[in-house]
**Student:** 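The following block contains the structure, expressed as structure tokens.
Numbers here are sequence positions counted from 1.
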Amino acid sequence: SCHFKPFSLESEANNSSESRLVESANAAENAESSLPWARFSSWLECVCVVTFDLELGQAIEVFHMTCEMCFPGCLGDTQFSFRLRQSVGRRGSWFGEEDAYSRDAPVTLQLAHFYGYVYFRQVKDASVKRGYFQKSLVLVSRLPYVHLFQSLLQIIAPEYFEKLEPCLEAVCNEIDQWQSPVPGLTLNLPVMGVVMQVRIPSKNDKPGGTPMMLPTIHELDLFKCFQSFLIHLQMLWELMLLGEPVVVMAPSPTVSSETVLALVSSIAPLRYCCDYRPYFTIHDTEFKEYTTRTQAPPNVILGVTNPFFIKTFQSWPHIIRLGELKMSGDLPKQVKVKKLAKLKTLDTKPGIYTAHKMFLQKDKSLIKRLLKGIQRKRPSEVQSAILRRHLLELTQSFIIPLERYLASLMPLQRSVTPWKTPPQIRPFSQEEFMGTLEHAGPQLTSVLKGDWVGLYRKFFRSPNFDGWYRLRHREMTQKLECLHLEVVCDADLLGWTKDKSEVEIVDLVLKLREKLMKAGKQQLPVKEGVLEKLEGYLQTVISSLPEDLQTVLHRY
């Protein structure tokens with residue numbers, strides 16, 4: 001059966017620095033309170049239960065979705081996740097709060113796709129005709145909070161498989177009492193007698209600055225995901241940065257989905273702008289699109305488990321074949337880099353099948369540190385923290401020169417005047433940027449040697465550069481708009497109108513109105529009080545005009 005029920009928790013902020021966030025959250029909560037299941041909907045699209053029918057195969061007992069992805073065929077309990085496209089132009093059921101969330105959330109956690117979080121159980125059961133109980137509990141959300149939802153499933157799924165419907169009904173009602181996920185807030189989320197304390201990430205967070213006492217809601221155990229190819233981490237980081245087509249062939253949906261999500265997160269805080277599917281099957285709606293041989297492989301990462309895909313993806317440039325983790329003494333056995341020609345249709349051995357030539361040298365000190373940590377039985381969380389810090393610093397070393405150059409394209413603040421349209425941002429010149437690398441390149445923050453220039457040149461041709469540049473250009477344009485509004489606010493508008501004709505004054509009023517409407521619609525981050533002050537000036541200017549014109553301007 002499936003519960004399709006669109007959901008806030010009156011939790012208190014833990015410190016005064018969050019008071020403004022609490023006020024905005026409360027305003028949203030009050031607006032939602034009259035709508036059925038409004039709070040539930042800000043966390044989940046729906047909850048589905050998929051059962052295996054002997055005659056129909058996978059079937060949803062009440063609600064329909066992509067059920068082929070929910071039955072991996074593994075014995076015991078298995079958890080994994082998948083990702084789906086949203087329909088073009090479709091708005092979520094979050095009652096208009098999506099824009100506010102996306103404005104304050106990190107770019108890596110924006111709302112753009114559906115995510116399915118699955119808890120599958122297959123156990124022997126003599127009372128069932130086929131001899132097995134097979135059922136999946138699936139949470140569908142637009143929030144990419146893999147750790148939170150997988151933790152939630154660990155609490156509710158075992159209980160649901162024992163008590164069925166009434167249990168799920170109660171859980172949905174509890175989620176409908178949670179406070180909406182406002183970036184920057186720390187929330188207490190009660191469910192089935194357990195209280196999960198989580199912090200919703202904000203774009204203003206300092207990387208790695210989340211308090212240690214709180215569990216992350218979106219990060220995976222990187223060390224666990226990467227431990228069989230630690231020595232090739234540099235290569236995989238480059239493939240992710242460049243948005244290369246990659247297939248991850250794994251022994252289970254759990255390994256498949258966790259590996260894909262870990263790879264995508266390896267270039268944070270840079271947003272991975274290509275498509276990725278943590279668990280991809282032959283029943284996926286994009287199967288034909290992604291497996292056609294009439295064109296080059298698309299920029300996408302696919303996680304698969306079906307051996308059929310080895311033949312299907314033989315033309316792809318990068319294939320990561322994973323097996324069950326094997327140990328070599330105290331250390332996990334590392335897979336080798338192999339030539340694509342060695343990829344066989346049957347019995348393909350674990351390895352990274354690629355012809356990619358690395359641009360940067362390996363960081364041997366990191367590898368030694370991690371391997372020594374294994375021998376000393378250092379906790380996986382600590383190993384993951386070391387790994388995440390290294391990847392973060394590597395990505396920042398790559399991005400900082402780009403950010404520095406981009407800042408130089410911004411017009412000087414003194415060139416922004418109240419009576420002229422804001423000046424344009426200078427166009428991005430790849431060659432001009434390359435000229436800055438000798439004195440202000442990655443070597444200032446990274447010890448890694450290699451062909452950084454070649455890496456940048458290839459990055460410029462990737463969807464990740466396009467996505468990064470579009471986002472930053474939009475932010476810079478908005479900053480210019482804010483500066484212009486502040487300059488206009490400080491100008492003597494009434495004094496300017498004294499020697500101007502009525503036509504010029506009306507033109508000023510209409511332009512100011514358009515700017516104010518645009519600022520409100522785009523929720524520009526202007527200084528506090530600027531918009532209200534401008535609105536006051538606008539009314540003063542209008543009142544200086546003849547009454548017939550005032551009537552017309554007030555009407556429109």
**Student:** Start with the C-alpha gap between Lys203 and Asp205, add the side-chain angles, then the distance that decides, and say whether salt bridge (charged side-chain N to carboxylate O under 4.0 Å, His left out) holds.
**Tutor:** CA-CA 6 Å; Lys203 68 178 182 182; Asp205 291 344; over 6 Å; no

**Student:** Between Tyr279 and Phe82, does the ring centre distance come in under 6.0 Å?
**Tutor:**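 Ring centroids of Tyr279 and Phe82 are no less than 6.0 Å from each other.
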
**Student:** For atom NZ of Lys362, is the number of surrounding heavy atoms from other residues, nucleotides or ligands below 6.0 Å larger than 12?
**Tutor:**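 Yes - once you tally the heavy atoms of other residues, nucleotides and ligands closer than 6.0 Å, there are more than 12.
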
**Student:** According to the interplanar angle, ranging from 0 to 90°, do the rings of Tyr456 and Trp452 count as parallel (below 30°), tilted (30 to 60°) or perpendicular (above 60°)?
**Tutor:**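 It falls in the tilted class, 30° to 60°.
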
**Student:** Between His484 (side chain only) and Lys420 (backbone N and O only), is there a donor and an acceptor less than 3.5 Å apart?
**Tutor:**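 Yes, because the side chain of His484 sits within donor-acceptor range (under 3.5 Å) of the backbone of Lys420.
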
**Student:** Could you work out, with side chain to side chain contact (heavy atoms under 4.5 Å, CB included) as the rule, every residue matching Pro411, not counting sequence neighbours?
**Tutor:**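 Side chain to side chain contact (heavy atoms under 4.5 Å, CB included) check on Pro411 returns Ser415, Pro423, Ile425, Leu480.
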
**Student:** Counting only heavy atoms from other residues, nucleotides and ligands, does the tally under 6.0 Å from CZ of Arg470 exceed 12?
**Tutor:**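 At most 12 heavy atoms, drawn from other residues, nucleotides or ligands, come within 6.0 Å of this atom.
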
**Student:** Cation-pi check for Tyr276 against Arg83: NZ or CZ below 6.0 Å from the six-membered ring centre and within 45 degrees of the axis, yes or no?
**Tutor:**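 Because its charged atom sits under 6.0 Å from the ring centre and within 45° of the axis, Arg83 does stack over Tyr276.
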
**Student:** Listing request: all side chain to side chain donor-acceptor pair (under 3.5 Å) pairs with a residue in residues 368-380, at least two apart in sequence or in separate chains.
**Tutor:**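 The answer is Asp221-Ser380, Arg378-Gln383.
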
**Student:** Between Ser266 and Leu263, is there a donor-acceptor pair closer than 3.5 Å when you use the side chain of the first and the backbone of the second?
**Tutor:**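 Side chain of Ser266 to backbone of Leu263: a pair is present.
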
**Student:** Taking atom OH of Tyr272 and atom CG of Leu261, what is their separation to the nearest 0.5 Å?
**Tutor:**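 These two atoms lie 11.5 Å from each other.
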
**Student:** Do Val247 and His318 have side-chain heavy atoms sitting under 4.5 Å apart?
**Tutor:**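 Sidechains of His318 and Val247: no contact.
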
**Student:** With heavy-atom distances below 4.5 Å as the criterion, would you say the side chains of Met196 and Leu148 are in contact?
**Tutor:**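 In contact.
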
**Student:** Determine whether a donor-acceptor pair (N or O, by modelled atom type, separation under 3.5 Å) exists between the side chain of Gln443 and the backbone of Glu438.
**Tutor:**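 Indeed, once roles are kept as given, a pair shorter than 3.5 Å links the two residues.
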
**Student:** So does Ile231 get a backbone contact from the side chain of Gln334, meaning a donor-acceptor N/O pair under 3.5 Å?
**Tutor:**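 Present.
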
**Student:** Okay, side chain of Gln79, backbone of Asp77: is any donor-acceptor separation there less than 3.5 Å?
**Tutor:**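 Side chain of Gln79 to backbone of Asp77, a donor-acceptor pair under 3.5 Å: no, none is there.
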
**Student:** CG of Asp284 to CD of Glu289: how many Å apart, nearest 0.5 Å?
**Tutor:**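 Answer for the CG-CD pair, Asp284 versus Glu289, is 9.5 Å.
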
**Student:** I'd like to check the ring pair (Phe, Tyr, Trp, His ring centres under 6.0 Å) partners of Tyr115; sequence neighbours left out, ordered by chain and number.
**Tutor:**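 Applying ring pair (Phe, Tyr, Trp, His ring centres under 6.0 Å) to Tyr115 gives none.
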
**Student:** Pick out which of Phe459, Phe465, Phe359 makes a ring pair (Phe, Tyr, Trp, His ring centres under 6.0 Å) with Phe398.
**Tutor:**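 It is Phe459, the one option of Phe459, Phe465, Phe359 that forms the ring pair (Phe, Tyr, Trp, His ring centres under 6.0 Å) with Phe398.
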
**Student:** Has Lys224 got more than 12 heavy atoms of other residues, nucleotides or ligands less than 6.0 Å from its NZ?
**Tutor:**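 No, the 6.0 Å shell around NZ holds no more than 12 heavy atoms from other groups.
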
**Student:** Would you say the side-chain atoms of His232 pair up with the backbone N or O of Val335, donor to acceptor, closer than 3.5 Å?
**Tutor:**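 Yes, because the side chain of His232 sits within donor-acceptor range (under 3.5 Å) of the backbone of Val335.
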
**Student:** Apply ring-ring contact (aromatic ring centres under 6.0 Å, His included) to the pair Phe428 and Phe460, showing each step before the final yes or no.
**Tutor:** CA-CA 11 Å; Phe428 190 103; Phe460 289 144; 5.7 Å; yes

**Student:** If I take atom CG from residue Leu485 and atom NZ from residue Lys518, how far apart are they, to the nearest 0.5 angstrom?
**Tutor:**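 Leu485 CG to Lys518 NZ: 9.5 Å, rounded to 0.5 Å.
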
**Student:** Salt-bridge test for Glu431 and Arg457: reply yes if a basic N is under 4.0 Å from a carboxylate O, no otherwise.
**Tutor:**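 Salt bridge flag = yes for Arg457 with Glu431.
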
**Student:** Side chain of Gln110, backbone of Ala105: donor and acceptor closer than 3.5 Å?
**Tutor:**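 Yes; at least one donor-acceptor contact below 3.5 Å.
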
**Student:** Counting the benzene-type ring for Trp, do Phe309 and Tyr290 have ring centres under 6.0 Å apart?
**Tutor:**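 No, the ring centres sit 6.0 Å or more apart.
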
**Student:** Please check: side-chain N/O of Ser136 versus main-chain N/O of Val138, any donor-acceptor pairing under 3.5 Å?
**Tutor:**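 No: the side chain of Ser136 does not pair with the backbone of Val138.
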
**Student:** Is it true that a side-chain atom of Glu238 and a backbone atom of Leu360 form a donor plus acceptor pair closer than 3.5 Å?
**Tutor:**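 It does hold such a pair.
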
**Student:** At what distance, to the nearest 0.5 angstrom, does CG of Leu366 lie from NE2 of His390?
**Tutor:**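 The distance works out to 4.5 Å.
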
**Student:** How long is the straight-line distance from CZ of Arg388 back to CD of Glu393, given to the nearest 0.5 Å?
**Tutor:**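 Rounded to the nearest 0.5 Å, the CD-CZ separation comes to 13.5 Å.
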
